[in-house]
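Worksheet for the structure shown next.
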Amino acid sequence: MPVVARRLEDALTAVTDGCVLAVPRENSGVAMAATRALIRRGIKKLHLIALPTSSLQADLLIGAGCVATIETSAVGLGEFGLAPRFTAAVTAGALTVKDATCPALHAAFQAAEKGMPFIPLRGLIGSDILKYRDDWRVIDNPFGDNDPIVLLPAIKPEVALFHAPMADRAGNVWIGRQRELATMAHASAKTIATVEKLHDGNLLDDPVLAAGTLPGFYIEAVAVAPRGAWPLPLPDHYPADGAHLTEYATLAATTDGFATYLDKFVHDRHAA
Amino acid sequence: MPVVARRLEDALTAVTDGCVLAVPRENSGVAMAATRALIRRGIKKLHLIALPTSSLQADLLIGAGCVATIETSAVGLGEFGLAPRFTAAVTAGALTVKDATCPALHAAFQAAEKGMPFIPLRGLIGSDILKYRDDWRVIDNPFGDNDPIVLLPAIKPEVALFHAPMADRAGNVWIGRQRELATMAHASAKTIATVEKLHDGNLLDDPVLAAGTLPGFYIEAVAVAPRGAWPLPLPDHYPADGAHLTEYATLAATTDGFATYLDKFVHDRHAA
Amino acid sequence: MLEFRDEELLASVIADMIGDVRHVAVGNASPIPATAALLARERGKGRPYVSLLQSRKHNFFTDGGRELFDCAGQGRIDVFFLSGGQIDGEGNINLVSVGDRAKPRMRFPGSFGSAYLYFVVPKVILFRTEHSRRTLVPRVDFVSAPGTSPPNVYRTGGPMALVTSLCVFAFDAARKRFRLQSVHPSHTVDEVVGNTGFDFDMVKDVPITPLPSADSLHLMRGVVANELAEVYPQFASRIFGVPSPAKRRQSGSP
Amino acid sequence: MLEFRDEELLASVIADMIGDVRHVAVGNASPIPATAALLARERGKGRPYVSLLQSRKHNFFTDGGRELFDCAGQGRIDVFFLSGGQIDGEGNINLVSVGDRAKPRMRFPGSFGSAYLYFVVPKVILFRTEHSRRTLVPRVDFVSAPGTSPPNVYRTGGPMALVTSLCVFAFDAARKRFRLQSVHPSHTVDEVVGNTGFDFDMVKDVPITPLPSADSLHLMRGVVANELAEVYPQFASRIFGVPSPAKRRQSGSP
């Protein structure tokens with residue numbers, strides 16, 4: 001049964017050093033407050049899997065030295081430019097990047113969701129993405145004739161972590177249109193969600209709310225973290241904090257500036 | 001752009017003789033009013049694909065001589081017993097049945113949804129279902145070692161047909177938790193939905209309703225058909241009409257009784 | 001000695017088989033397995049989680065009809081119930097047809113999810129009240145799902161037992177055979193042998209099926225019966241005397 | 001002669017390329033392609049359907065982040081836009097890195113969906129305003145997605161053209177080469193040749209890129225600019241003088 005944790009930190013115990021951690025794309029509900037809590041705890045050697053891309057979350061974790069490997073289709077700050085700590089780590093050869101393409105990550109999570117060992121995907125053939133992925137295979141389509149097709153192994157993370165608008169006390173989490181969060185939870189052994197608020201009553205009792213609800217059955221722990229995606233957006237709730245992201249991009253351009261950012265916005269508990 | 005048809009019959013023009021028609025299971029929103037309209041029109045030689053099972057809908061269409069082939073995991077009337085016309089047609093050798101298993105149909109529709117030529121599925125090996133499906137293949141899992149696994153070809157119906165609680169004038173259809181209806185629409189070339197009522201405004205404008213909405217982009221035509229799933233249930237709206245289904249099971253046990261049923265409940269326009 | 005109904009005995013036996021697991025799912029039209037699952041939950045103080053697929057209220061699925069199967073594929077369903085128009089001595093089940101497949105003598109509805117769930121749910125309990133040579137056959141005419149698989153075939157689940165109106169058979173996957181585990185009170189081994197079409201293993205002194213405890217009967221007739229009445233009102237009324245509910249209000253609609 | 005901005009010319013050129021199709025999708029941070037798509041829609045009286053992926057309002061997706069790719073895989077996206085940190089003369093694009101991959105000189109964000117969409121969207125328009133030997137190279141250092149594929153590789157899509165700040169290249173998949181289709185007004189063929197790192201085909205008299213019509217400019221500056229302002233307020237303000245909207249009210253939340 002899911003635990004509704006009193007403290008954010010208590011909800012995060014399943015995220016351990018070396019953990020295979022799945023996180024959503026920048027506009028699907030990123031658990032930024034939880035991410036800052038993990039950095040404060042000093043988490044190490046994460047194997048981060050972005051579904052299918054990441055922005056500030058990955059850059060912060062990489063800059064803070066928490067990540068050994070990242071599997072992703074992209075890490076960038078969008079209109080705020082490149083992700084400076086990601087870029088610095090890669091050009092320094094200090095980070096293992098498993099480059100993918102968005103639909104491959106979606107499909108590989110769906111394979112795990114369905115208990116399938118692999119899933120096929122069109123495209124990819126002739127790309128260097130495929131060339132460098134020795135965990136992917138090309139077979140001749142058994143239904144075709146001389147028709148090569150890529151097979152991707154299922155991705156089964158140990159923990160999925162995201163932020164959503166609300167949960168109820170049974171641990172049901174309302175995710176709305178962000179269906180990839182359901183797939184992420186189904187594919188992962190454990191799922192932790194932070195939410196803006198608790199909903200009174202059971203989300204599954206109302207057919208309209210139920211349609212956008214990830215059942216508590218899949219949830220390990222929930223914690224309330226108001227504005228928990230900040231400075232990233234929470235769809236339909238608040239936009240990205242552009243001024244803050246601009247400040248981040250500027251500070252994180254240097255290691256000293258990044259340290260200043262961590263001090264000010266991560267390690268200072270009042271700011272987090 | 002989807003058409004909101006004035007008459008039910010006008011919405012059904014894409015369902016032609018010989019059409020590969022996908023329909024949902026008995027408790028997901030079966031377009032029974034539309035089914036009766038198709039029988040009245042005298043539709044022939046349907047290739048019916050149930051996602052993943054069917055009940056009264058398939059039995060009526062089979063009894064009325066509209067079906068050449070059915071692909072399904074089951075046809076039955078549940079607590080009301082066997083499906084009499086299906087059973088009679090099969091024991092007479094008058095119907096081609098492609099027996100499947102529920103997750104195979106779900107997976108094969110998802111393959112089409114994802115533009116994949118095939119999808120793997122565990123299980124099945126050693127079953128006579130697999131034995132009689134010469135369109136399925138067994139390969140050795142390229143990620144395993146002497147690990148046979150079944151591959152199912154994608155199912156791409158020409159038309160999907162279902163009933164839902166409501167639609168708006170842009171053709172967006174609210175399907176709630178019945179996510180297989182979205183997959184069915186994504187997999188099919190054209191989708192026709194009947195609905196209880198029209199919703200004022202755009203379903204996509206409200207994040208809560210949007211979470212349960214199939215976008216009009218996938219919809220060919222919508223028609224309003226109040227109680228359009230009757231006598232089958234519409235989840236969260238009305239239950240099955242048990243008395244009627246009992247009457248059906250009794251009448252449909254004989255060809256004469258079935259003809260009486262058709263006269264009374266299908267060909268009599270007032271009853272339909 | 002306590003008075004009890006056959007249905008109560010069967011539910012009690014099945015509840016014992018469920019054991020300490022996380023999640024039991026019960027398919028449509030299965031009031032006795034549903035009773036057993038709810039009884040197990042009451043005895044386990046809320047564990048296992050019980051999904052009654054027939055009920056909107058008693059299952060959590062919000063991802064469409066596929067979620068049950070996906071959930072099982074993820075290893076998140078520990079116990080499920082299957083039946084068969086025919087069941088044979090190797091645990092094969094037939095939900096399709098009797099006789100020649102092209103033009104069968106009998107046609108059942110179809111295999112539903114059995115050809116998958118039988119492979120991936122660790123404890124599948126076969127449940128068929130009719131115990132006869134018509135249902136329990138030497139060899140099924142159509143294998144909807146096989147009882148066992150070669151060692152190289154991916155299989156994390158399979159049959160653990162077969163419960164009928166006469167007895168309980170335990171299944172031994174290594175031997176590919178059932179073993180008569182117990183005979184229900186007021187029935188005999190001879191009756192079982194005479195009505196079973198397949199060979200099975202048997203010890204010399206076959207025990208009587210354990211009777212439901214007073215505590216189990218109390219739970220079944222109280223909280224379990226009330227929960228059941230939501231989904232199986234006629235069964236709950238007939239077996240446990242729960243008053244038939246007034247036609248329930250439709251739940252909220254958008 | 002009409003006055004127009006460079007952005008208006010590029011959007012007009014791209015709108016012409018889109019042609020009569022059903023569905024154009026535009027990725028993030030692509031105001032000029034978005035302008036083109038919306039212009040095409042206005043000129044087509046509502047056709048094509050335009051999805052702006054950056055906007056909650058201007059796309060219909062309700063099945064999560066996968067729906068864009070699933071939709072493309074279904075053949076339901078006719079036109080898409082891609083770019084590249086590097087683009088080479090065979091239409092290969094690089095969104096990953098420059099230099100040795102293990103320790104690259106430059107790292108871009110990553111390939112996003114390009115390695116799939118480039119294969120399955122019939123008309124992919126490459127758009128890169130910076131026209132230099134740094135961006136348009138003889139051979140990309142990393143192939144995020146190849147411009148062409150062998151005949152046996154499943155491919156229903158690929159590049160149709162490359163639009164830059166200087167010119168329009170058409171892509172010929174059979175020849176695996178770009179052809180200089182037109183040079184924008186106030187630029188020259190020599191300028192194009194001098195700033196392009198790859199070889200390309202060229203006729204003797206390269207035409208000037210067709211100028212936006214008065215009607216297109218009218219539409220862009222009117223209805224299109226207003227639609228754009230929802231998604232790209234700064235762009236709409238800078239190019240079309242749409243007043244910056246007040247901070248918009250958050251849409252309803254549950």
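All chains are named by letter (A, B, ...) in the order of the sequence lines, taking the proteins before the strands, and each is independently numbered beginning at 1.
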Seminar exercise, completed: Cut-off 4.5 Å, heavy atoms of chain B, and the answer for C:Thr148 is neither
Seminar exercise, completed: Heavy-atom closest pair (C:Asp141 atom, B:Asp128 atom, distance to 0.1 Å) is O-OD2, 4.2 Å
For this session: Would you mind checking which part of B:Thr91 comes under 4.5 Å of any heavy atom in chain C, side chain (CB onward), backbone (N, CA, C, O), both or neither?
Result: both
For this session: Mind running side-chain contact (heavy atoms from CB on, under 4.5 Å) on B:Phe86 and C:Arg107 for me, showing each step along the way?
Result: CA-CA 9 Å; B:Phe86 167 73; C:Arg107 170 73 205 202; 3.5 Å; yes
Exercise. For the candidates B:Gly126, B:Gly93, B:Ala182, which exhibits the highest count of non-hydrogen atom pairs separated by less than 4.5 Å from chain C?
Worked result: B:Gly126
Problem set entry | Evaluation steps, side-chain contact (heavy atoms from CB on, under 4.5 Å), between C:Thr62 and B:Gln178 | CA-CA 7 Å; C:Thr62 58; B:Gln178 315 306 130; over 6 Å; no
For this session: Sort B:Ala100 into side chain, backbone, both or neither according to what part of it lies under 4.5 angstrom from a heavy atom of chain C.
Result: backbone
Exercise. So how far is it from B:Ile125 CD1 to C:Tyr154 OH, rounded to the nearest 0.5 Å?
Worked result: 12.0 Å
Exercise. Considering only heavy atoms, which portion of B:Thr183 lies under 4.5 Å from any heavy atom of chain C: side chain, backbone, both, or neither?
Worked result: side chain
For this session: Identify which part of B:Phe109 has an atom lying under 4.5 Å from any heavy atom of chain C, answering side chain, backbone, both or neither.
Result: neither
Exercise. Non-hydrogen atoms of chain B under 4.5 Å away: do they reach the side chain of C:Asp63, the backbone, both or neither?
Worked result: both
For this session: Report the C-alpha distance between B:Thr101 and C:Phe112 in whole Å, list the side-chain angles of each, state the deciding distance to 0.1 Å, and finish with yes or no for side-chain contact (heavy atoms from CB on, under 4.5 Å).
Result: CA-CA 5 Å; B:Thr101 187; C:Phe112 293 95; over 6 Å; no
Problem set entry | Winner by heavy-atom pair count (cut-off under 4.5 Å) against chain B, out of C:Ser144, C:Ala145, C:Ala102 | C:Ser144
Problem set entry | B:Val97 versus chain C, the contacting section by heavy-atom distance below 4.5 Å | both
For this session: Nearest 0.5 Å please: distance from the CD atom of B:Glu79 over to the CD atom of C:Gln234.
Result: 7.0 Å
Problem set entry | Option that, when pairs with chain C are counted at under 4.5 Å, heavy atom only, ranks first among B:Gly212, B:Ala83, B:Ser55, B:Ala92 | B:Ala92
For this session: Give, as side chain, backbone, both or neither, the part of B:Glu196 having an atom under 4.5 angstrom from any heavy atom of chain C.
Result: neither
Seminar exercise, completed: d(B:Ser127 OG, C:Tyr118 OH) to nearest 0.5 Å is 12.5 Å
For this session: Check for a donor-acceptor pair, side chain of B:Glu180 on one end and backbone N or O of C:Gly65 on the other, with a separation under 3.5 Å.
Result: yes
Problem set entry | From CZ (C:Arg101) to OH (B:Tyr132), nearest 0.5 Å | 6.0 Å
Exercise. Atom CZ of C:Phe69 and atom SG of B:Cys102: how far apart are they, to the nearest 0.5 Å?
Worked result: 4.0 Å
For this session: Please examine the side chains of B:Leu121 and C:Tyr116, heavy atoms only from C-beta on, and report whether any two atoms are closer than 4.5 Å.
Result: yes
Exercise. For B:Pro148 and C:Val153, which heavy atoms make the closest approach, and how far apart are they?
Worked result: CG-CG2, 4.0 Å
Problem set entry | Lys NZ or Arg CZ of B:Arg122 over C:Phe119 ring: under 6.0 Å, within 45° | no
Problem set entry | Check: C:Arg66 and B:Arg179 side chains under 4.5 Å, non-hydrogen atoms | yes
Problem set entry | Side chain, backbone, both or neither of B:Leu82 within contact of chain C (heavy atoms, under 4.5 Å) | side chain
For this session: Tell me, out of B:Ile129, B:Ile175, B:Leu130, who's got the most heavy-atom pairs with chain C below 4.5 Å.
Result: B:Ile129
Exercise. Which residue, B:Asn146, B:Asp140, B:Asp145, forms the side-chain hydrogen bond (donor to acceptor under 3.5 Å, both in side chains) with C:Asn152?
Worked result: B:Asn146
For this session: Can you tell which part of B:Ala107 gets under 4.5 Å to a heavy atom of chain C, answering side chain, backbone, both or neither?
Result: neither
